[in-house]
Amino acid sequence: MSARILDGRSIAQEIRREVRLEVAELTKRTGSVPCLATVLVGNDPASTTYVRNKVRACEEVGIVSVRIDLPADLSQEALLHEIARLNRDPSVHAVLVQLPLPPHISERRVLEAVLPDKDVDGFHPSNLGGLLAGSPLFVASTPLGILELLTRSNVTIEGKHAVIVGWSVVVGKPTAFLLLQQQATVTICHIKTRDLGFHTRQADILVVAAGKPGLVTGSMVKEGAVVIDVGVNRLADGGIVGDVSFSEVAEKVSLITPVPGGVGPMTVAMLLKNTVQACRLACGAAGRHGVELVR
Ligand code: NAD
């Protein structure tokens with residue numbers, strides 16, 4: 001293997017240490033302790049694990065978390081009512097609705113109900129539009145984590161060709177705009193893209209977020225590229241793999257994220273950062289100009 005591993009776990013640990021200091025400083029200065037409310041509807045095992053990890057990560061850095069677990073058959077109206085209550089509660093600075101929601105509930109409708117100032121997931125149209133304009137209050141944690149992973153690993157983004165596989169609101173689109181903001185040339189590929197390999201072979205920076213194990217093979221990457229594998233695919237034996245055939249791709253590229261231990265821990269770390277930012281917003285300790293995207 002020739003690639004260097006982009007160790008998301010240790011970079012995320014570094015960020016968590018920073019966040020812990022920020023929480024202590026903010027609390028001392030303003031008297032406010034950042035508080036994240038997580039809303040989980042139903043008991044999907046993966047979602048339950050994600051929420052548990054987020055709550056544990058909050059506790060580690062001194063963020064208060066309020067866990068709201070609701071039954072799978074909850075009506076959309078009742079869920080919207082719960083979110084409205086959290087929006088009004090001044091002791092709650094950040095609201096996260098764990099996806100996916102049961103099929104009878106419109107995710108779009110629910111995400112639009114979260115107050116943009118508390119929308120630490122960055123999925124509200126106002127924050128998505130803000131990203132397009134270059135000044136969102138919040139950017140989704142996974143794309144933000146990808147950007148942080150690249151910058152903290154000293155990867156130059158400006159002028160590079162970044163190819164993103166996947167165009168979801170959760171990962172692909174915000175990642176594309178974040179990298180564009182850093183003045184990369186960006187190509188977005190998706191399920192209807194013809195000859196995916198033609199595009200991925202052009203990438204200096206390749207971000208893969210498709211949810212398809214083995215989608216990107218060694219012949220689909222350029223020598224020396226930087227590869228970020230966002231995919232999380234659970235195998236029948238309980239193991240977890242990404243979307244990239246790790247061993248053959250690692251032979252050719254210069255930097256690669258492992259799965260697990262790459263993007264996943266960064267997502268949680270950036271959620272903590274966003275929660276501290278939400279608390280700053282609430283207590284007037286941050287301006288409303290949004291995330292500083294141009295470095
Ligand atoms: P999604 O299903 O909403 O979107 C998948 C995207 O991939 C779509 O845009 C689709 O067009 C594209 N795609 C699917 N098959 C393709 C193919 N054969 N060729 C080209 N494009 C293809 O998924 P998502 O929410 O964006 O998540 C993507 C993956 O990232 C999943 O495995 C998910 O579990 C993972 N994920 C990881 C984290 C993390 O923190 N590590 C966070 C969010 C999502």
Side-chain angles (χ1 to χ4, degrees), residues 5-9 11-12 15-16 38 44-54 56-57 96-101 103 107-108 111 120-123 128 131 138-150 162-179 186-203 206-217 219-221 227-235 239-246 249 256-274:
I5 301 292
L6 277 171
D7 184 356
R9 221 169 250 149
I11 295 177
I15 295 169
R16 287 183 194 209
T38 58
D44 172 69
S47 295
T48 306
T49 305
Y50 288 141
V51 168
R52 195 187 314 121
N53 289 345
K54 288 167 189 175
R56 195 177 296 150
L96 178 150
V97 181
Q98 185 64 46
L99 302 180
L101 291 169
E107 287 189 351
R108 187 52 28 222
L111 297 177
V120 279
D121 256 344
F123 297 154
L128 290 167
L131 177 58
F138 297 104
V139 178
S141 309
T142 302
L144 213 49
I146 292 168
L147 180 61
E148 200 71 25
L149 198 53
L150 292 170
V163 176
I164 322 290
V165 181
W167 69 308
S168 72
V169 167
V170 178
V171 190
K173 274 193 253 189
T175 302
F177 280 103
L178 280 181
L179 297 180
V186 177
T187 300
I188 306 177
C189 302
H190 46 77
I191 191 131
K192 300 289 182 188
T193 298
R194 293 182 193 162
D195 196 354
L196 182 64
F198 167 81
H199 296 282
T200 56
R201 274 189 292 276
Q202 319 281 318
L206 177 63
V207 180
V208 190
K212 294 274 154 31
L215 180 65
V216 172
T217 58
S219 64
M220 293 168 73
V221 295
V227 176
I228 307 288
D229 188 354
V230 188
V232 177
N233 305 293
R234 277 162 218 281
L235 303 176
I240 290 178
V241 295
D243 292 347
V244 174
S245 294
F246 184 86
V249 170
I256 186 167
T257 55
V259 178
V263 174
M266 294 299 294
T267 297
V268 179
M270 300 318 283
L271 170 68
L272 301 177
K273 261 183 109 69
N274 277 352

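Every number for a ligand or one of its atoms is a count from 1 in the order of the listing. On a predicted model such as this, the values are computed, not experimentally measured, just so you know.
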Contact between [X] and [Y] at the side-chain level, heavy atoms closer than 4.5 Å - yes or no?
X      : Y      : result
Asp121 : Leu111 : no
Ile240 : Val232 : yes
Leu96  : Tyr50  : no
Ile15  : Ile11  : yes
Val268 : Arg16  : yes
Gln98  : Thr38  : no

Can you tell me the protein heavy atom closest to [atom] and the distance?
atom                    : result
atom 39 (C) of ligand 1 : Thr267 OG1, 3.7 Å
atom 8 (C) of ligand 1  : Trp167 CD1, 3.9 Å
atom 13 (N) of ligand 1 : Ala210 CB, 3.8 Å
atom 18 (N) of ligand 1 : Leu215 CD1, 3.5 Å
atom 43 (C) of ligand 1 : Val171 CG2, 3.7 Å
atom 36 (N) of ligand 1 : Val230 O, 3.7 Å
atom 31 (C) of ligand 1 : Gly211 CA, 3.7 Å

Would you mind telling me if ligand 1 is within reach of the side chain of [X], the backbone, both or neither, using heavy atoms under 4.0 Å?
X      : value
Thr142 : side chain
Lys212 : side chain
Thr193 : neither
Asp243 : neither

Neighbour count >12 (heavy atoms, 6.0 Å) for atom CZ, Arg108: yes
Is it true that, when you exclude Phe123 itself, more than 12 heavy atoms of the residues, nucleotides or ligands shown sit nearer than 6.0 Å to its CZ? yes
Against ligand 1, does Gly231 come closer than 4.0 Å with any heavy atom? yes
Val232-ligand 1 polar pair, N/O distance under 3.5 Å: yes
Within-cut-off N or O pair, Ile191 and ligand 1, under 3.5 Å: yes
For ligand 1, which atoms, with element, lie under 4.0 Å from some heavy atom of [X]?
X      : value
Val165 : 20 (C), 21 (N)
Gly166 : 6 (C), 7 (O), 9 (O), 12 (C)
Gly264 : 40 (O), 41 (N)

Check: Ser245/Thr217 side-chain N/O donor and acceptor closer than 3.5 Å: no
Is atom 2 (O) of ligand 1 less than 4.0 angstrom from some protein heavy atom? no
Between Arg201 and Ser219, what is the shortest heavy-atom contact and its length? NH1-O, 2.9 Å
So, Thr193 side chain and Leu196 main chain: donor-acceptor pair closer than 3.5 Å or not? no
Who gets closest to atom 26 (O) of ligand 1 by heavy atom: Gly242, Ser168, Pro174, Gly8? Ser168
Mind checking salt bridge (charged side-chain N to carboxylate O under 4.0 Å, His left out) for Lys173 and listing every partner two or more places apart, or none if nothing turns up? none
